[in-house]
Number of protein chains: 2
Amino acid sequence: MATIKDIARIAGVAPSVVSRALNNKYGVKESTRQRIIQIARELGYYPNSAARSLVTRRSETIGIVMADISEPFYSQSIKGMEYVAKQTGYTLLFSNSYENVEQGQVLHKMISGERVDGLVIVGSNIQEKSFISLLLERDIPFVLVERKFSDPRVNCIWLDNVKGGYMATKYLIEKGHRRIGHIAGNLYFQVALDRIEGYKRALAEAGIDFSQEWVAAGDFLTHGGYRAMKELLPLGCTAVFVANDAMAYGALRAISEAGLKVPDDIAIVGFDDLEFSSLTNPPLTTIRQPRYEMGRKSLEILTSILRERRSGDEASPDGVKVCFQPELIVRQSA
Amino acid sequence: MATIKDIARIAGVAPSVVSRALNNKYGVKESTRQRIIQIARELGYYPNSAARSLVTRRSETIGIVMADISEPFYSQSIKGMEYVAKQTGYTLLFSNSYENVEQGQVLHKMISGERVDGLVIVGSNIQEKSFISLLLERDIPFVLVERKFSDPRVNCIWLDNVKGGYMATKYLIEKGHRRIGHIAGNLYFQVALDRIEGYKRALAEAGIDFSQEWVAAGDFLTHGGYRAMKELLPLGCTAVFVANDAMAYGALRAISEAGLKVPDDIAIVGFDDLEFSSLTNPPLTTIRQPRYEMGRKSLEILTSILRERRSGDEASPDGVKVCFQPELIVRQSA
DNA sequence: CGACTTTTCGAAAACGTTTGCCAACCTACC
DNA sequence: GGTAGGTTGGCAAACGTTTTCGAAAAGTCG
């Protein structure tokens with residue numbers, strides 16, 4: 001590979017001039033700049049990223065850590081993030097946390113190895129906070145997705161899950177249901193708790209007693225939804241609000257295996273509005289989460305912080321907090 | 001962040017010794033090694049990856065380029081790759097090619113910037129070959145997934161798609177169907193061509209005339225499957241072999257919208273066996289592709305090449321070629 | 001105890017960039 | 001023609017490692 005020195009030699013100029021020319025810095029005559037650019041092109045020059053980030057202390061890379069990148073739930077978020085990454089020239093480095101950000105050395109590998117300039121952490125569980133103080137202490141920009149965090153310094157973006165749970169449940173109540181169950185997500189995650197909270201509020205508002213028995217524990221995965229629905233079935237509810245679509249798929253299956261019909265015997269409302277949810281039988285009524293926009297926003301926040309830092313401006317000490325709104329998508333399962 | 005020099009100073013030793021101690025190299029007394037390790041731990045030392053790869057010319061990173069990481073099709077491959085990556089300590093750097101590897105600078109960014117030590121390229125289209133000669137020329141290890149490439153030097157792994165297409169079609173024939181349509185994938189990809197070929201062979205073997213009219217053009221995406229099925233519907237076929245599950249979902253929808261029943265009016269066989277395919281209505285009969293194993297294998301091949309190179313052994317000039325076998329999964333759509 | 005071998009350690013170069021600072025050059029103005 | 005001021009280019013240090021080579025220390029053996 002050609003280096004900056006090769007170019008300098010050929011152009012009859014010092015390496016530093018080549019660097020400035022290629023980086024569009026002030027202080028090099030336009031004619032020599034053109035000459036240098038031409039030579040660089042002919043040599044197929046591409047800057048060595050290790051050398052560059054060693055001196056600039058920047059990697060132009062952003063780390064994305066999420067539970068499991070292969071969950072369909074994340075597909076749209078990723079697309080949104082990539083959109084911004086492409087715009088701003090950042091490279092995205094994905095890493096699975098498998099429900100536990102703090103465990104494992106991925107985070108250390110990323111931040112201590114200076115492989116990333118900043119982080120987007122989506123869906124960390126509520127018990128984890130030491131990694132947050134670590135990031136704060138090391139002064140590494142990051143944004144939390146799907147988690148509200150009270151410290152004013154941290155950037156968070158999340159969906160109003162309480163409202164979403166409320167909307168789903170209220171919709172079922174308006175449809176005339178009174179015996180409404182809930183399949184909850186993994187309770188170590190704030191989203192699961194918030195959706196339960198919304199469910200409770202709608203119930204309370206309609207004067208329906210909340211019963212712990214009606215909420216079955218799930219794990220946000222299809223199979224967990226299936227199991228939970230089986231638990232719920234004998235209780236005779238006429239409707240179930242399921243904390244996410246993936247579990248709703250499992251619930252649909254359990255219901256169908258029991259020989260019951262959706263929505264006539266049991267109505268189902270999911271959460272998330274995955275791509276597949278319009279293809280289930282029947283198509284799933286659900287709460288849409290603007291995942292693309294949220295992914296995009298998360299990266300916009302991060303890149304703008306990074307930009308501020310690079311330009312040396314004093315960044316505001318306060319983080320950004322953005323709350324997105326859920327939307328009810330009515331299909332045929334309720 | 002603490003550097004190797006800090007440790008050296010505290011330990012009263014030269015930086016080079018620290019490096020050797022931390023990398024478990026021969027030539028440092030066990031007692032000093034322990035002392036150094038202890039100090040490193042106390043300081044929370046982590047090697048700066050840029051500095052390291054600048055001198056070693058290795059990034060300990062593998063680039064994975066695929067059409068669209070968020071397609072559910074890839075989820076299992078990714079899991080398989082991650083498994084090996086974790087074992088071997090490599091970091092995975094994903095990049096979407098959006099159906100065109102050569103376009104765009106991702107590849108250059110990765111290889112010319114020396115960000116990756118090797119590449120796994122899954123599903124490049126058949127017209128693209130200049131990137132292959134580039135990689136060969138630059139002597140960058142890579143493995144092609146989902147594409148057979150005749151040059152003996154290149155490592156390829158693929159599924160026997162001809163056989164898969166044959167199995168799917170033959171199954172339908174055995175079920176008594178004679179009017180069997182096909183929804184093809186994007187014809188710029190070898191897999192699409194091979195599955196058509198398998199379809200043709202099964203037809204020929206059963207003495208059924210092949211008619212171009214019976215094969216509808218698709219794009220491997222759900223919506224394309226939906227459209228293609230609509231084209232096929234008026235032709236009165238009693239069965240359709242769909243080139244992948246994602247399109248099969250669209251086909252199922254089109255059929256159901258037309259008021260027809262699967263499998264009674266039209267039988268459907270898909271390809272891939274995605275997670276969702278057991279949840280469709282009716283559950284999809286399909287050809288399974290061992291995606292996890294293929295992802296895993298691709299990275300095993302690459303890492304073993306990388307290991308050989310690092311140890312300085314002369315690698316064999318010939319690449320590895322691995323063909324995986326498809327498997328028929330019978331559910332209820334055919 | 002001396003000669004030799006082996007082990008342990010240190011100095012320094014190298015990897016490819018960026019950047020602060022200074023020197024040289026050019027322009028223009030008096 | 002001299003000087004001030006601005007523009008352009010070069011030198012050298014720095015970033016944090018690894019690695020080569022040689023020196024010093026330690027160990028071995030007669």
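Here is the naming used below: chain letters follow the sequence lines, and residue numbers restart at 1 for every chain.
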Enquirer: Rounded to the Å, how far apart are A:I4 CD1 and C:dG16 P?
Expert: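 Distance, rounded to whole Å: 11 Å.
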
Enquirer: Does A:S16 get its side chain close enough to the base of D:dC11, under 3.5 Å, for a donor-acceptor pair?
Expert: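 Yes, the side chain and the base share a sub-3.5 Å donor-acceptor pair.
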
Enquirer: Which nucleotide sits closest to the side chain of B:V55: D:dT19, D:dT18, C:dG16?
Expert: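 For the B:V55 side chain, the nearest candidate turns out to be D:dT18.
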
Enquirer: Take atom CE of B:M1 and atom P of D:dC15, then tell me their distance rounded to the nearest Å.
Expert: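 Rounded to the whole Å, the gap is 15 Å.
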
Enquirer: Taking CG from B:N24 and C1' from D:dT19, how many angstroms apart are they, rounded to a whole number?
Expert: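 Taking CG of B:N24 and C1' of D:dT19, I get 16 Å after rounding.
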
Enquirer: Any ion pair linking A:R310 and A:D117 (charged N to carboxylate O, less than 4.0 Å)?
Expert: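 Looking at A:R310 together with A:D117, the answer is no, because their closest N to O distance does not fall below 4.0 Å.
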
Enquirer: Tell me which nucleotide among C:dC9, C:dG16, C:dT18 gets nearest to the side chain of A:S19.
Expert: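 The nucleotide sitting nearest to the side chain is C:dT18.
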
Enquirer: Using whole Å, report how far NZ of B:K25 lies from P of D:dT19.
Expert: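 Distance, rounded to whole Å: 4 Å.
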
Enquirer: Which comes earlier along DNA chain D counting from the 5' end, the contact point of B:R20 or that of B:L54, where each point is its nearest nucleotide?
Expert: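 The residue closer to the strand's 5' end, by nearest nucleotide, is B:L54.
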
Enquirer: Between A:N48 and B:T32, name the one whose nearest nucleotide on DNA chain C is closer to the 5' end.
Expert: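 By nearest-heavy-atom nucleotide position, the 5'-most residue is B:T32.
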
Enquirer: May I ask you to say whether A:R296 pairs ionically with A:E300, meaning some side-chain N is under 4.0 Å from a carboxylate O?
Expert: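 Salt bridge flag = yes for A:E300 with A:R296.
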
Enquirer: Could you tell me the separation between the CD1 atom of B:I7 and the C1' atom of D:dT18, rounded to a whole number of Å?
Expert: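 Value for this atom pair: 14 Å.
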
Enquirer: When you measure from the side chain of B:Y26, which nucleotide among D:dG9, D:dG16, C:dT7 comes out closest?
Expert: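 Looking only at side-chain atoms, B:Y26 lies closest to C:dT7.
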
Enquirer: What's the CG-P distance between B:L22 and D:dG16, to the nearest Å?
Expert: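 Checked: the CG to P distance equals 16 Å.
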
Enquirer: Applying a 4.0 Å non-hydrogen cut-off, can you work out what B:S53 is touching in the nucleic acid: base, sugar-phosphate, or nothing?
Expert: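 If one applies the 4.0 Å heavy-atom cut-off, B:S53 turns out to touch nothing in the nucleic acid.
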
Enquirer: Might you confirm whether atom CZ of B:R153 has over 12 heavy atoms from other residues, nucleotides or ligands at distances under 6.0 Å?
Expert: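 Check fails, neighbour count at 12 or below.
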
Enquirer: Between the base of D:dG16 and the side chain of A:R57, is there any donor-acceptor pair under 3.5 Å?
Expert: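 Side chain to base: no pair below 3.5 Å.
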
Enquirer: Which nucleotide sits closest to the side chain of B:N23: C:dG10, C:dT17, D:dT18?
Expert: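 The listed nucleotide nearest to B:N23's side chain is D:dT18.
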
Enquirer: Here's one to test your reading of the geometry: is the NZ or CZ of A:R291 within 45 degrees of the ring axis of A:F73 and under 6.0 Å from its centre?
Expert: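 Positive - A:R291 is close enough to the ring of A:F73 and near enough to its axis.
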
Enquirer: CD1 of A:I7 to CZ of A:R41: how many Å apart, nearest 0.5 Å?
Expert: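 The distance works out to 11.5 Å.
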
Enquirer: If you only use heavy atoms from C-beta on, which nucleotide in C:dT7, C:dT17, D:dT17 is closest to the side chain of A:A51?
Expert: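 That would be C:dT17.
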
Enquirer: On DNA chain C, compare the nucleotides closest to A:A50 and A:R58; which residue's is nearer the 5' end?
Expert: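 The residue whose closest nucleotide sits nearer the 5' end is A:A50.
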
